[in-house]
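Because the structure is a prediction, the values reported are computed rather than measured. The chain is numbered in sequence order, starting from 1.
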Amino acid sequence: MSQFGDAIDFILHSREARSGGTNVGGAELLPMLWKHLELTGVSVGIAVALAVPFGLWLGHIGRGEFLATSVANVGRAVPSLALIAFFVAYIGVGFRNVTLALVLLAIPPILTNTYVGVRQVDRDAVDAARGMGMTGPQIVRRVELPLALPLVFGGVRTSVVNVIATAAIAPLAGVVTLGDPIIAGGVYGEDGRLGAAILVALLAVAAEALFAVLQRAVTPRGIRISQTPQARSHRGFGIPRLRRQTST
């Protein structure tokens with residue numbers, strides 16, 4: 001308990017580093033926190049810009065299921081440390097290097113969820129939109145994307161939490177994030193290491209909660225009602241029915 005208390009004290013108050021010559025902890029953590037958030041925001045933003053349009057297109061044309069699932073599996077299998085080491089070897093250290101590695105880690109959940117979200121849209125709704133004379137891009141923008149948004153946000157939510165956790169090893173590539181006290185225990189001490197780990201965990205939990213609220217906010221009211229416990233009980237033991245696919 002005393003070590004936990006020392007970690008909290010490290011978060012709240014600055015002190016001289018064990019190696020001397022500089023202060024650590026307290027307000028000194030703010031630049032690291034900002035760099036952690038900046039790295040996360042830039043990486044996830046680029047991943048969303050690349051993966052969402054591609055996932056929408058694959059889902060709309062009904063092709064690329066193998067690609068979408070393979071990308072997800074590869075993303076889970078490749079260690080983040082190995083990716084960063086690869087970019088350090090071929091590109092060098094720095095913000096761009098870590099960002100590229102984190103973008104590759106963030107893309108799989110977003111791409112897979114976007115593809116699955118579009119493919120789960122009721123085909124009757126798509127057929128009705130097509131019967132009204134909508135073009136392909138209009139169907140994607142007005143029908144498939146709004147109905148797939150809850151799953152798309154689910155993928156973004158997963159990616160944000162993954163990137164926040166992985167950004168803790170960014171100091172290995174020369175980017176000083178909240179992972180610096182975790183890696184450089186000789187400078188910050190064990191209380192600094194534990195304090196930084198607590199901050200990263202709190203950041204991930206806060207992001208999870210924020211995106212859960214956003215995911216609920218973008219979920220159409222009809223879908224939210226169909227997901228209530230009362231609605232699920234009418235479908236039998238809470239197991240959702242599979243939608244009938246009338247066409248591809």
Return the [atom1] to [atom2] distance between [X] and [Y], rounded to the nearest 0.5 Å.
X    : Y    : atom1 : atom2 : answer
T114 : L151 : OG1   : CG    : 8.5 Å
N113 : T158 : CG    : OG1   : 6.0 Å
I164 : T40  : CD1   : OG1   : 5.0 Å
E28  : N23  : CD    : CG    : 5.5 Å
Q3   : L194 : CD    : CG    : 5.5 Å
E208 : R157 : CD    : CZ    : 4.0 Å

[X] and [Y]: same hydrophobic cluster, using ILVMFWY side-chain contacts below 4.5 Å?
X    : Y    : result
W34  : L102 : no
I8   : Y188 : yes
I182 : V176 : yes

Side-chain heavy-atom pair [X], [Y] within 4.5 angstrom cut-off:
X    : Y    : value
I107 : I46  : no
L178 : K35  : no
I110 : S159 : yes
L203 : L33  : yes
I198 : F4   : yes
D122 : V126 : no

Report summary line: What one should report as the nearest heavy-atom pair of G59 and R119 is O-NH1, 2.9 Å
Requested in this report: Grab the two heavy atoms, one from G189 and one from R18, that are nearest each other, plus how far apart they are.
Outcome: CA-NE, 3.6 Å
I'd like to know if the side chain of [X] and the backbone of [Y] have a donor-acceptor N/O pair within less than 3.5 Å.
X    : Y    : answer
S14  : A27  : no
H60  : V118 : no
Q120 : G117 : no

Query raised in the report: Any chance CZ of R141 has more than 12 other-residue heavy atoms, nucleotides or ligands included, within less than 6.0 Å?
Result: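 Yes, enclosed.
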Requested in this report: Kindly assign one of parallel, tilted or perpendicular to the pair F153 and F211, based on the angle between their ring planes and the thresholds 30° and 60°.
Outcome: tilted
Query - Short N-O contact, D191 and R15, less than 4.0 angstrom - result: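 Salt bridge present between D191 and R15.
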Requested in this report: Run the numbers on Q138 and V143 for side chain to side chain contact (heavy atoms under 4.5 Å, CB included), then give the verdict.
Outcome: CA-CA 8 Å; Q138 287 175 328; V143 179; over 6 Å; no
